[in-house]
Amino acid sequence: MFTDVVILAGGYGERLWPASSPSYPKQFMTVTDGISFFQAAVLRALSLKLTGKIIVVTRKELTDIISQHCSQLLDKVDDYGKQKIQNDVYILPEPEAKHTTAPIILACHFLEILFPKTKHTVLVLTSDHIITPESAFITDAEKASKAAENGKFVLYAIPPTEPNTGYGYIKTGAAIGDCIYDIENFKEKPNLETAKEYVASGNYWWNSGMFGFTTEVLKNELKLHQNDAYTVFADLPNKAKPQTDRQNGILYINSWAAMDEAYEKTPVIAIDKSVAEKTTNACAVRASFNWKDIGSWDAFADLFDHNVGKTAIINSENCFVYSDIPVALCGVKDLVVVVKNDRVLIMKKGESATVKEAVKQMKE
């Protein structure tokens, strides 16, 4: 099984504006049982019974709220979970956002520097996914970890349930193990007609944004395919170690000069572009679990079979309301209406991609 988990928990909350914001991104929103998306990711990591650490990479200004959410889990987990949260969760605040390659390689170096005698097999999770059931996630993680231990850079391929244009796609090739396949190629987010062709073919799968590898494999792949990202972090082990402290009882890195220096020079690039799409060692685990990326209001609305907040619906259909104040809908259809934080979003369903532009214009 994987020894360590890295949870990516940065972001600025633009896609679920106005309910989320830079100071309170969507991963801290809750749906059921008072558990936030971020807390669900921590619980997911704990379900793997890790022998190593859980590294949460985030923005500096989110350190406090992340430590709060971790502490709040102590009353919801068993003794193993309490021990892991109190002793093995580390919050690693980035100096600035640099997409996903930088935080992932940074977390790997952190693991090797503080715990050098361990071989680290790492699973990268994001903090805004819904994955069920837990048993299937664990089973697939076992398969992925074995492939990673054998030198593979592992991705999770999600069975598409619709011709979604918001995800990248993976075309899988020959089977090389139990539900593990070679990857023929990667496809960018397609238009609707192309997405329909992908789904109909049966060979294209959604790219989940979760990855598995050993730290050694990741470093070697970066050195080969994205040397500028490799080089700026390569000297971290020879410099002063990170300094840790606790906030709300949770360990965090409060000072690491070598990290700050590296981040000034590191490129802004996704791990998909720097490694996954270039390496010859990539493979995909075809996921047996149910997966949903809560990256849009359309996806968020699908989680509910009712409106959230007091509503009056008159001669209206197929609408979703998420509001702090009463909302009346009269003679409309196919709308998402969000009233949060003294701001209002009225969006036609299917137009989630335009929300970021709306946020930009609001700022201006």
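Side-chain atoms are counted along with the backbone in the values below, which use heavy atoms only and exclude waters and symmetry mates.
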Chemist: Would you indicate whether Lys265, at its atom NZ, is surrounded by more than 12 heavy atoms from other residues, nucleotides or ligands within a distance under 6.0 Å?
Modeler: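 Counting neighbours around NZ of Lys265, 12 or fewer heavy atoms of other residues, nucleotides or ligands fall under 6.0 Å, so no.
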Chemist: Using the six-membered ring of Phe115, assess whether NZ or CZ of Lys53 lies under 6.0 Å from its centre and within 45 degrees of the ring axis.
Modeler: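 Flagged: Lys53 positioned over aromatic ring of Phe115.
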Chemist: Residues in salt bridge (charged side-chain N to carboxylate O under 4.0 Å, His left out) with Asp334, at least two apart?
Modeler: none
Chemist: Between Thr214 and Ala148, what is the shortest heavy-atom contact and its length?
Modeler: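 Residues Thr214 and Ala148, closest heavy atoms: CG2-O, 3.5 Å.
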Chemist: Taking the side chain as C-beta and beyond, is there a heavy-atom pair between Lys239 and Glu261 under 4.5 Å?
Modeler: yes
Chemist: A side-chain contact here means heavy atoms from C-beta on lying under 4.5 Å apart; do Val154 and Ile180 qualify?
Modeler: no
Chemist: Keeping Thr3 on the side-chain end and Thr121 on the backbone end, is there a donor-acceptor pair under 3.5 Å?
Modeler: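 Yes, because the side chain of Thr3 sits within donor-acceptor range (under 3.5 Å) of the backbone of Thr121.
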Chemist: I'd like to know whether Thr58 forms a side chain to side chain contact (heavy atoms under 4.5 Å, CB included) with Phe38, so could you lay out the CA-CA distance, the side-chain angles of the two residues, the decisive distance to 0.1 Å, and finally the verdict.
Modeler: CA-CA 11 Å; Thr58 187; Phe38 167 71; over 6 Å; no
Chemist: Do side-chain atoms of Ser20 reach the backbone of Pro25 as a donor and acceptor pair under 3.5 angstrom?
Modeler: no
Chemist: When the ring planes of Phe300 and Trp297 are compared, do they come out parallel, tilted or perpendicular, using 30° and 60° as the limits?
Modeler: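 Perpendicular: the ring planes of Phe300 and Trp297 meet at over 60°.
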Chemist: Kindly say whether Gln86 contributes a backbone atom to a donor-acceptor pair with the side chain of Arg246 at under 3.5 angstrom?
Modeler: yes
Chemist: Check whether any side-chain heavy atom of Ile130 sits under 4.5 Å from a side-chain heavy atom of Ile294, and report yes or no.
Modeler: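 A side-chain contact under 4.5 Å exists here.
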Chemist: Between Leu114 and Val89, is there a shared hydrophobic cluster once you connect ILVMFWY residues whose side-chain heavy atoms come closer than 4.5 Å?
Modeler: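 They do not share one cluster, since no chain of ILVMFWY contacts under 4.5 Å joins Leu114 to Val89.
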Chemist: Show your working on side chain to side chain contact (heavy atoms under 4.5 Å, CB included) between Asn248 and Ile66 and close with a plain yes or no.
Modeler: CA-CA 9 Å; Asn248 296 309; Ile66 283 180; over 6 Å; no
Chemist: Do Ile91 and Leu62 share a hydrophobic cluster (ILVMFWY, side-chain heavy atoms under 4.5 Å, transitive)?
Modeler: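 Cluster IDs for Ile91 and Leu62 match.
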Chemist: Less than 4.5 Å apart, any side-chain heavy atom of Phe233 and any of Tyr263?
Modeler: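 Yes; the side chains approach each other to less than 4.5 Å.
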Chemist: To the nearest 0.5 Å, how far apart are CD1 in Ile346 and CD in Glu351?
Modeler: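 Here the rounded value is 14.5 Å.
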Chemist: If I compare all heavy atoms of Thr279 with all of His225, which pair ends up nearest, and what's the gap?
Modeler: CA-NE2, 3.5 Å
Chemist: Is the ring pair Phe304/Tyr322 parallel, tilted or perpendicular, if the boundaries are 30 and 60 degrees?
Modeler: tilted
Chemist: Is a salt bridge present between Lys363 and Glu14, judged by a nitrogen-to-oxygen distance below 4.0 Å?
Modeler: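 Yes, Lys363 and Glu14 are salt-bridged.
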Chemist: Check whether any side-chain heavy atom of His99 lies under 4.5 Å from a side-chain heavy atom of Ile269, and answer yes or no.
Modeler: no
Chemist: Whether the side chain of Arg44 engages the backbone of Leu125 through a donor-acceptor N/O pair (distance < 3.5 Å, no angle test) should be reported.
Modeler: no
Chemist: Evaluate the criterion side chain to side chain contact (heavy atoms under 4.5 Å, CB included) for residue pair Lys187 and Lys171; output intermediate values, then yes/no.
Modeler: CA-CA 8 Å; Lys187 297 294 184 180; Lys171 185 180 182 183; 5.7 Å; no
Chemist: When you compare the side chain of Ile170 with that of Tyr204, does any pair of heavy atoms fall below 4.5 Å?
Modeler: no
Chemist: If you take all heavy atoms of Lys152 and Cys283, which pair is closest and at what distance?
Modeler: CB-SG, 3.8 Å
Chemist: Regarding Arg59 and the six-membered ring of Tyr12, is the cationic atom NZ or CZ under 6.0 Å from the ring centre and inside 45° of its axis?
Modeler: yes
Chemist: Check step by step if side chain to side chain donor-acceptor pair (under 3.5 Å) holds for Asp128 and Thr126.
Modeler: CA-CA 6 Å; Asp128 56 355; Thr126 72; 3.1 Å; yes
Chemist: Checking the side chain of Ser201 only, and the main-chain atoms of Tyr198 only, is there a donor and an acceptor separated by less than 3.5 Å?
Modeler: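 Yes, because the side chain of Ser201 sits within donor-acceptor range (under 3.5 Å) of the backbone of Tyr198.
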Chemist: Ion pair present between Glu142 and Lys146, side-chain N to carboxylate O less than 4.0 angstrom?
Modeler: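 Salt bridge: no.
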Chemist: What are the two closest non-hydrogen atoms of Pro133 and Asn290, and how far apart are they?
Modeler: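 Between these two residues, the closest heavy atoms are CD-ND2, 4.3 Å.
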Chemist: Got Tyr230 and Lys219 here, is their nearest side-chain heavy-atom distance under 4.5 Å?
Modeler: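 Yes. Closest side-chain heavy atoms under 4.5 Å.
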Chemist: According to the interplanar angle, ranging from 0 to 90°, do the rings of Phe211 and Phe153 count as parallel (below 30°), tilted (30 to 60°) or perpendicular (above 60°)?
Modeler: tilted
Chemist: Does Lys241 offer a backbone N or O that forms a donor-acceptor pair with the side chain of Gln243 under 3.5 Å?
Modeler: yes
Chemist: Where the side chain of Asn164 meets the backbone of Gly166, is there a donor-acceptor pair that is under 3.5 Å apart?
Modeler: yes
Chemist: Flag the pair Leu43 / Glu134 as yes when at least one side-chain heavy-atom distance between them is below 4.5 Å, and no otherwise.
Modeler: no
Chemist: Which residues satisfy the salt bridge (charged side-chain N to carboxylate O under 4.0 Å, His left out) test with Lys189, sequence neighbours excluded?
Modeler: none
Chemist: When you measure from the side chain of Thr101 to the backbone N and O of Ala270, does any donor-acceptor pair fall under 3.5 Å?
Modeler: yes
Chemist: Looking only at non-hydrogen atoms, find the nearest pair between Ala282 and Leu155 and report the distance.
Modeler: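 Closest approach of Ala282 to Leu155, heavy atoms only: CB-CD1, 4.1 Å.
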Chemist: Between the side chain of Asn341 and the main-chain N/O of Pro18, is any donor-acceptor distance below 3.5 Å?
Modeler: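 The answer is yes, because a donor-acceptor pair under 3.5 Å joins these two groups.
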Chemist: Do side-chain atoms of Thr100 reach the backbone of Ile271 as a donor and acceptor pair under 3.5 angstrom?
Modeler: yes
